[in-house]
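Below is one structure, written out as structure tokens; the observations come after it.
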Amino acid sequence: NGHLHLQRILQVIAGAIGAATSSSESNIGLAPFNTKVTTNATGTLLNVGTSKDDLIKKVSQLSADGGTSPHTALDEALKLLNNAKNPKYVILFTDGEPTGDSSTWKDYYQDKAEEAAKALKDKGIKVFTVDFALGDKGQKFLAGDKNDPEKYPGIASEGCAFNADNAEKLAEIFKKIQNTVTESTAIHDATITDVIDPRFVILDDAGNAITAAKYQKKQGSAIINTSM
């Protein structure tokens with residue numbers, strides 16, 4: 001059931017926000033997108049300690065539809081993080097190629113996303129990407145291609161591109177990102193942008209679906225934000 005799968009993913013996102021309350025200094029912005037940043041974006045960085053319920057409510061309102069224009073969310077992330085203090089992270093989740101409002105790859109939207117990602121990285125903001133079952137071209141778009149860097153300079157910072165083709169791999173990626181961004185420090189400023197396909201269910205090591213209650217018991221505060 002696609003709706004059920006989507007709801008389970010949103011539970012994980014809500015659980016991650018709940019886990020971040022262990023650090024009262026953590027600030028999170030949500031920039032959901034399809035062909036544009038959607039109306040349930042936060043519009044500013046919110047302190048997770050005082051705004052947890054508002055963040056979780058916005059996450060619960062996410063849905064999966066529309067095309068894919070990653071640059072819109074990356075541009076929004078830069079606005080949110082531009083004057084924030086370090087450390088700063090952006091996590092881009094997508095199951096779609098840069099199509100804009102069409103159904104096929106558009107070089108224009110690839111270029112726009114690459115420009116937006118470069119602007120973030122030039123500011124010292126680390127960009128993570130996670131793709132869901134994209135083909136080789138889509139993975140090169142996000143990770144970059146060392147054999148053809150002119151055509152595929154990449155969206156992610158060095159070593160920060162991940163891809164998953166099943167729920168088990170997706171769960172592993174969440175752990176890696178959480179460990180990276182929470183190692184020895186709280187998340188002070190993080191903007192997470194995303195388009196998630198409702199086919200995916202996130203599982204724990206035993207193969208069980210992760211609920212928000214289970215996730216809140218974990219240490220750390222990897223925050224996942226979605227617009228589908």
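Computed over heavy atoms, backbone and side chain alike; hydrogens, waters and symmetry mates excluded.
- Within the 3.5 Å criterion, the main-chain N or O of Ser102 finds a donor-acceptor partner in the side chain of Thr99.
- The two residues Pro32 and Ala41 have their closest heavy-atom pair at CD-CA, 3.6 Å.
- Taking the side chain as every heavy atom from C-beta outward, Thr72 and Glu76 never approach each other to under 4.5 Å.
- A parallel orientation is assigned to the rings of Phe128 and Phe162, their planes being inclined by less than 30° (bins at 30° and 60°).
- At distances below 3.5 Å, not a single donor-acceptor pair connects side-chain atoms of Thr35 with backbone N or O atoms of Gly67.
- Around the NZ atom of Lys118, the shell of radius 6.0 Å holds no more than 12 heavy atoms that belong to other residues, nucleotides or ligands.
- In this structure, Lys151 and Glu114 approach most closely via the heavy-atom pair O-OE2, 3.9 Å.
- Side-chain atoms of Thr94 do not come within 3.5 Å of backbone N or O of Asp131 as any donor-acceptor pair.
- Here the straight-line distance linking atom CG of Leu142 with atom NZ of Lys137 works out to 12.5 Å at 0.5 Å rounding.
- The closest side-chain heavy-atom distance from Leu81 to Lys123 is not below 4.5 Å.
- Judged purely by atom type and a 3.5 angstrom limit, Lys58 has no side-chain atom pairing as donor or acceptor with the backbone of Asp54.
- Taken from CD1 in Ile125 to OH in Tyr89, the straight-line distance is 11.5 Å, to the nearest 0.5 Å.
- Once rounded to the nearest 0.5 Å, the distance linking CG of Asn147 with NZ of Lys140 reads 7.5 Å.
- Contact detail for Leu74 and Ala116: the closest heavy-atom pair is CB-CB, 3.6 Å.
- Closest of all the heavy-atom pairs between Leu55 and Ile28 is CD2-O, 4.1 Å.
- Annotation: the span from Glu150 atom CD to Asp145 atom CG amounts to 12.0 Å, rounded to 0.5 Å.
- Leu46 is not listed as a side-chain neighbour of Asn27, based on a closest heavy-atom distance of 4.5 Å or more.
- If you take CZ on Phe141 and CG on Leu134, they are separated by 9.0 Å, rounding to the nearest 0.5 Å.
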Apply side chain to side chain contact (heavy atoms under 4.5 Å, CB included) to residues Leu92 and Ile155 and explain how you reach the verdict. CA-CA 9 Å; Leu92 175 70; Ile155 301 299; 4.1 Å; yes
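- In this structure, the side chains of Thr50 and Asn47 come closer than 4.5 Å at one or more pairs of heavy atoms.
- Under the 4.5 Å side-chain criterion, counting only non-hydrogen atoms from C-beta, Ser69 is not in contact with Lys36.
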